[in-house]
2 protein chains.
Amino acid sequence: MKNNEIRNKLIEKGLKVTPQRMAILEAIIKLNNHPTAENIIDYIRKNHPNISTATVYKVLDALAEKGLIKKVKTEKDVMRYDAFLEKHHHLYASDSDRIEDYLDDELNEILEKHFEKKCIPGFKIEDLKLQIIGKFTDKNAPK
Amino acid sequence: MKNNEIRNKLIEKGLKVTPQRMAILEAIIKLNNHPTAENIIDYIRKNHPNISTATVYKVLDALAEKGLIKKVKTEKDVMRYDAFLEKHHHLYASDSDRIEDYLDDELNEILEKHFEKKCIPGFKIEDLKLQIIGKFTDKNAPK
DNA sequence: CTTTCTTATGAGAATGATTCTCCTTTAATA
DNA sequence: TATTAAAGGAGAATCATTCTCATAAGAAAG
Ligand SMILES: [Mn+2]
Ligand SMILES: [Mn+2]
Ligand SMILES: [Zn+2]
Ligand SMILES: [Zn+2]
């Protein structure tokens, strides 16, 4: 992803362009396995040694707020971030911190159809997230 | 739920019976909307004013470990606990902390069938949790 | 019922991811 | 280039949870 594409994403969303924001958004895109704030900070500090953790958290919130990234909850007390914006679910390793994207349009359709038919009284659905928990049998590090 | 039923649950799982454990397990069952540790502590302290927060967290972990309760993750940095042990999913309010149980055997079947047909290469599924996010349209407090 | 042994509890300190405060710097705009 | 609102930096604060370690109390045996 070129610098200018990242810059434009920020501008499109009305976010002031700063080196910190550029670096953070670029980092999440590069570190493509749902990095933590710490992962992002480590990566960025190579080229940008003085960035503050507070800034990173503030920028991450701003990017998530504007829909440029998504937050991914985990079993542990650590937030993870996702630059992949299409509707998708996640595979969670039960024996490690690995999280992988799971795309399945057929599943989305099935779910949508199911809840069209079977409304939930007193509840208006806005989003469905399927957490698929299990074990990765290929021991490859996440790409 | 009678005292003796609670006592027997502990004994069945090989947990030493203590007043603290009795009180905590009873509290989660009574406070039936996915209480936090704090909710549980507040409830218990009425009759058991000296219980320590550390004890509560340790007992909650022990009960979850033995399968007498389940932990429920939320969007916020607070764990919630569930005494309802049948397989079920959860309705999460997007505008409050309310969480309600959602039972749907048809959904479970559909999901099971889907993933039987459509295996995920390199991954062995152990559990599926559907997070249903939306708005409660009846403003009733959780029962 | 008492001893013994093991495990649980209580009080308070520590942890650690995240947020806050407050002052300084900077991007955008004219 | 000057103006101004917004963003960044440093470090303290927060707060749910965990840890430490001294004390208490179940359970099993005698
Ligand atoms: Mn924590
Ligand atoms: Mn925390
Ligand atoms: Zn993802
Ligand atoms: Zn539940």
For [X] and [N], give me the distance from atom [atom1] to atom [atom2], rounded to whole Å.
| X | N | atom1 | atom2 | value |
| --- | --- | --- | --- | --- |
| I41(A) | dG8(D) | CD1 | C1' | 13 Å |
| L60(B) | dT17(D) | CG | P | 9 Å |
| D77(A) | dT19(C) | CG | P | 10 Å |
| K71(A) | dT19(C) | NZ | C1' | 11 Å |
| L25(B) | dA8(C) | CG | P | 15 Å |
| I24(A) | dT18(C) | CD1 | C1' | 14 Å |
| K76(A) | dA16(D) | NZ | C1' | 16 Å |
| K73(A) | dA17(C) | NZ | C1' | 10 Å |

Using modelled atom types and a 3.5 Å cut-off, is there a donor and acceptor pairing between side-chain atoms of [X] and backbone atoms of [Y]?
| X | Y | result |
| --- | --- | --- |
| N39(A) | T36(A) | yes |
| K73(B) | E75(A) | yes |
| R80(B) | N33(B) | yes |
| H90(B) | I99(B) | no |

Between the protein and nucleotides 19-24 of chain D, list the N/O to N/O atom pairs that are separated by less than 3.5 angstrom.
none

(request) Tell me yes or no: between the side chains of D101(A) and H34(A), is some donor less than 3.5 Å from an acceptor? (result) yes
(request) State, with a plain yes or no, whether a side-chain heavy atom of K13(A) is found less than 4.5 Å away from one of E65(A). (result) no
(request) Would you mind reporting whether V56(A) and I51(A) have side-chain heavy atoms less than 4.5 Å apart? (result) yes
(request) Give a yes/no on whether any side-chain N or O of Y57(B) is located under 4.0 angstrom from OP1 or OP2 of dT18(D). (result) no
(message) Is the phosphate of dT26(C) approached by Q20(A) (side-chain N or O, under 4.0 Å from OP1 or OP2)?
(response) no
(request) Could you please name the option among dT9(C), dA27(C), dG9(D) that lies closest to any side-chain atom of P19(A)? (result) dA27(C)
(message) Nearest to the side chain of D61(B), heavy atoms from C-beta on, is which of dT19(C), dT18(D), dA16(D)?
(response) dT18(D)
(message) Check this for me, if you would: do K87(A) and D105(A) make a salt bridge, where the nitrogen-to-carboxylate-oxygen distance has to be below 4.0 angstrom?
(response) no
(request) Please determine if E126(B) and K135(A) form a salt bridge, counting it only when a charged side-chain N lies under 4.0 Å from a carboxylate O. (result) yes
(message) Judged by each residue's nearest nucleotide on DNA chain D, which is more toward the 5′ side, T36(B) or H48(A)?
(response) H48(A)
Report, one pair per line, the protein and nucleotides 28-30 of chain C atoms (nitrogen or oxygen only) whose separation is under 3.5 Å.
from, atom 1, to, atom 2, distance (Å)
dA28(C), OP1, V17(A), N, 3.0

